[in-house]
Amino acid sequence: MTIVLPRHVAIIMDGNGRWAQEQGLPRVKGHQQGVVAVQSAIEAAVQHNIEILSLFAFGQDNWKRSSNEVRSLFELLWMSLKREMPQIIKNHIQLRFIGDLSRLDQPLRTNIERTQQLTAKHTGLKLIIAINYSGRWDIVNAARTLVQKVQQGEQAGSVTHEQFAEQLALSDLPDPDLLIRTSGEQRISNFMLWQFAYTEFYFTSIYWPEFNQQTFVEALQTFSKRQRRFGLESSAS
Ligand code: IPE
Ligand code: IPE
Ligand code: MG
């Protein structure tokens, strides 16, 4: 049987806090263990020749959390970026960030920009990290740009959904084929609202720190059995 692989896999990495709490550990330990799971996900994606891996690392709604938790999440990001650079370079990974980076501290932004420039020509896995991202923010941003174009004389009535999509964060890449969400929650939580129009969803009850290559393979196998129709009639298989 030929296995149909997704080109683009998106992941909502959820359940770090519950994983830690169930073991009597502070939530930050869950986030630390979550970084190990990120490494597994990247390795699995590379091994299965996935073209694009998009990880939801921090949503705009996550600013509502305690300042301690927010600080430790950004510290972890900073440290992971530094520590993982040799691996990223060795594996020719192209690292890109989406989200409103203007709210981040300047040193982190500089680091992010430098990393993006350094890896821009890499031809391996495209790794997208969503930080201070929200699907609604992405759509509103696109709408703002289009409003400006209309003010400059473009006909509002002739704007197509393709032109709209060109203004979104990942406009140069195909939409995710597969979304994986851990921790048993079955929702999108303001991730890629537009881009998930025809994405296949795979929900698993394991917490993010428990995610490993086996989980990734299970998600790929489930995806391979799905019949994607994009509005067409069903076909006997
Ligand atoms: C995901 O785990 C990490 C982020 C949202 C940054 P959570 O921290 O949401 O874990 P739970 O959902 O509280 O268990
Ligand atoms: C979604 O997880 C955001 C990230 C994984 C970064 P949340 O834990 O914040 O989502 P809700 O609040 O349960 O919907
Ligand atoms: Mg959560």
Side-chain angles (χ1 to χ4, degrees), residues 6-15 38 41 45 50-65 69-70 73-74 77 94-105 108-109 112-113 115-116 120 125-183 185-203 208 219 223 226 228-232:
R7 283 181 71 186
H8 184 173
V9 177
I11 309 185
I12 300 180
M13 312 181 288
D14 197 16
V38 169
I50 302 300
E51 226 177 289
I52 309 148
L53 179 68
S54 293
L55 303 177
F56 199 10
F58 190 88
Q60 292 188 358
D61 301 313
N62 293 132
W63 292 108
K64 295 174 196 159
R65 297 186 179 202
E69 174 150 350
V70 170
L73 281 168
F74 281 104
L77 173 67
Q94 187 190 106
L95 195 51
R96 277 167 61 174
F97 290 80
I98 56 168
D100 182 3
L101 303 183
S102 69
R103 195 167 164 184
L104 309 188
D105 289 346
L108 180 59
R109 276 169 66 184
I112 283 175
E113 276 151 24
T115 307
Q116 290 190 138
L125 173 74
K126 290 186 172 63
L127 178 61
I128 317 290
I129 312 279
I131 295 192
N132 198 21
Y133 177 86
S134 116
R136 288 181 175 169
W137 165 84
D138 201 359
I139 291 169
V140 168
N141 249 351
R144 280 193 191 128
T145 310
L146 285 173
V147 166
Q148 277 170 359
K149 290 192 177 214
V150 167
Q151 282 167 347
Q152 287 157 11
E154 194 156 320
Q155 288 294 311
S158 65
V159 173
T160 62
H161 73 82
E162 287 88 356
Q163 283 170 323
F164 194 97
E166 273 169 25
Q167 307 304 329
L168 292 166
L170 293 179
S171 59
D172 58 324
L173 299 177
D175 290 340
D177 302 291
L178 170 65
L179 165 72
I180 301 171
R181 180 168 187 152
T182 54
S183 91
E185 309 300 352
Q186 302 196 357
R187 53 177 176 260
I188 319 180
S189 300
N190 212 347
F191 198 20
M192 299 182 184
L193 302 182
W194 175 286
Q195 294 87 343
F196 285 158
Y198 279 104
T199 301
E200 297 291 330
F201 290 178
Y202 178 82
F203 297 110
W208 178 248
F223 173 83
R226 301 268 175 92
R228 305 184 77 194
R229 292 198 275 274
F230 301 98
L232 287 166

S.K.: Which atom names give the shortest non-hydrogen contact between L53 and A41, and what distance separates them?
M.R.: CD2-O, 4.0 Å
S.K.: I would like to know whether D175 and Y198 meet side chain to side chain contact (heavy atoms under 4.5 Å, CB included); could you show each step before the answer?
M.R.: CA-CA 8 Å; D175 290 340; Y198 279 104; over 6 Å; no
S.K.: Could you grab the distance from atom CG of L108 to atom CZ of R103, nearest 0.5 Å is fine?
M.R.: 13.5 Å
S.K.: Which heavy atom in I180 sits nearest to a heavy atom in A219, and how many Å separate them?
M.R.: CD1-CB, 3.6 Å
S.K.: For residues R109 and F97, determine if any side-chain heavy atom of one lies less than 4.5 Å from a side-chain heavy atom of the other.
M.R.: no
S.K.: Which heavy atom of I50 sits nearest a heavy atom of P6, and at what distance?
M.R.: CD1-O, 3.5 Å
S.K.: Using modelled atom types and a 3.5 Å cut-off, is there a donor and acceptor pairing between side-chain atoms of S171 and backbone atoms of E166?
M.R.: yes
S.K.: Among W208, F191, F196, which one satisfies ring-ring contact (aromatic ring centres under 6.0 Å, His included) with F56?
M.R.: F191
S.K.: Any chance you could lay out the side chain to side chain contact (heavy atoms under 4.5 Å, CB included) test for K149 and Q163, step after step, and finish with the verdict?
M.R.: CA-CA 11 Å; K149 290 192 177 214; Q163 283 170 323; over 6 Å; no
S.K.: Answer yes or no: does atom CD of E162 have more than 12 heavy-atom neighbours from other residues, nucleotides or ligands under 6.0 Å?
M.R.: yes
S.K.: Taking the inter-plane angle between the rings of F58 and W63 on a 0 to 90° scale, is it parallel (under 30°), tilted (30 to 60°) or perpendicular (over 60°)?
M.R.: perpendicular
S.K.: Using every non-hydrogen atom in the two residues, find where L168 and A142 come nearest and quote the distance to one decimal.
M.R.: CD2-CB, 3.9 Å
S.K.: Nearest 0.5 Å please: distance from the CG atom of D61 over to the OH atom of Y133.
M.R.: 12.0 Å
S.K.: Given 3.5 Å as the limit, does a donor-acceptor pair link the side chain of R136 with the main chain of L193, or not?
M.R.: no
S.K.: With the side chain counted from C-beta on, respond yes when R181 and S189 share a heavy-atom pair under 4.5 Å apart, and no when they do not.
M.R.: yes
S.K.: So how far is it from I131 CD1 to L77 CG, rounded to the nearest 0.5 Å?
M.R.: 4.0 Å
S.K.: Rounded to the nearest 0.5 Å, what's the gap from OG1 on T199 to CE on M192? Could you check?
M.R.: 8.5 Å
S.K.: Between D14 (side chain) and S183 (backbone), is there a donor-acceptor pair under 3.5 Å?
M.R.: no
S.K.: Below 4.0 angstrom, N of the basic side chain to O of the carboxylate: do R96 and D172 qualify?
M.R.: yes
S.K.: At their closest point, which heavy atom of H8 faces which heavy atom of P174, and how far apart are they?
M.R.: ND1-O, 2.8 Å
S.K.: Can you tell if the side chain of Y202 reaches within under 4.5 Å of the side chain of L178, non-hydrogen atoms only?
M.R.: yes
S.K.: Taking salt bridge (charged side-chain N to carboxylate O under 4.0 Å, His left out) as the definition, give me every residue that meets it alongside R7, ordered by chain and number, with sequence neighbours left out.
M.R.: E51
S.K.: Taking only residues two or more places apart in sequence or in another chain, which ones pass salt bridge (charged side-chain N to carboxylate O under 4.0 Å, His left out) with R187?
M.R.: E185
S.K.: Ignoring hydrogens, what is the shortest heavy-atom contact between D177 and F223? Give both atom names and the distance.
M.R.: O-CE1, 3.4 Å
S.K.: Is any side-chain heavy atom of V70 closer than 4.5 Å to a side-chain heavy atom of N62?
M.R.: no
S.K.: Is there a donor-acceptor pair under 3.5 Å between the side chain of Q167 and the backbone N or O of F164?
M.R.: no
S.K.: What's the separation between atom CD in Q60 and atom CG in D138, rounded to the nearest 0.5 Å?
M.R.: 9.5 Å
S.K.: To the nearest 0.5 Å, how far apart are CG in L127 and OG1 in T115?
M.R.: 11.0 Å
S.K.: Does any non-hydrogen side-chain atom of I128 lie less than 4.5 Å from one of L173?
M.R.: yes
S.K.: Check for a donor-acceptor pair, side chain of E200 on one end and backbone N or O of R228 on the other, with a separation under 3.5 Å.
M.R.: no
S.K.: Is it the case that the side chain of N132 and the backbone of D100 share a donor-acceptor pair, with hydrogens and angles ignored and the cut-off at 3.5 Å?
M.R.: yes
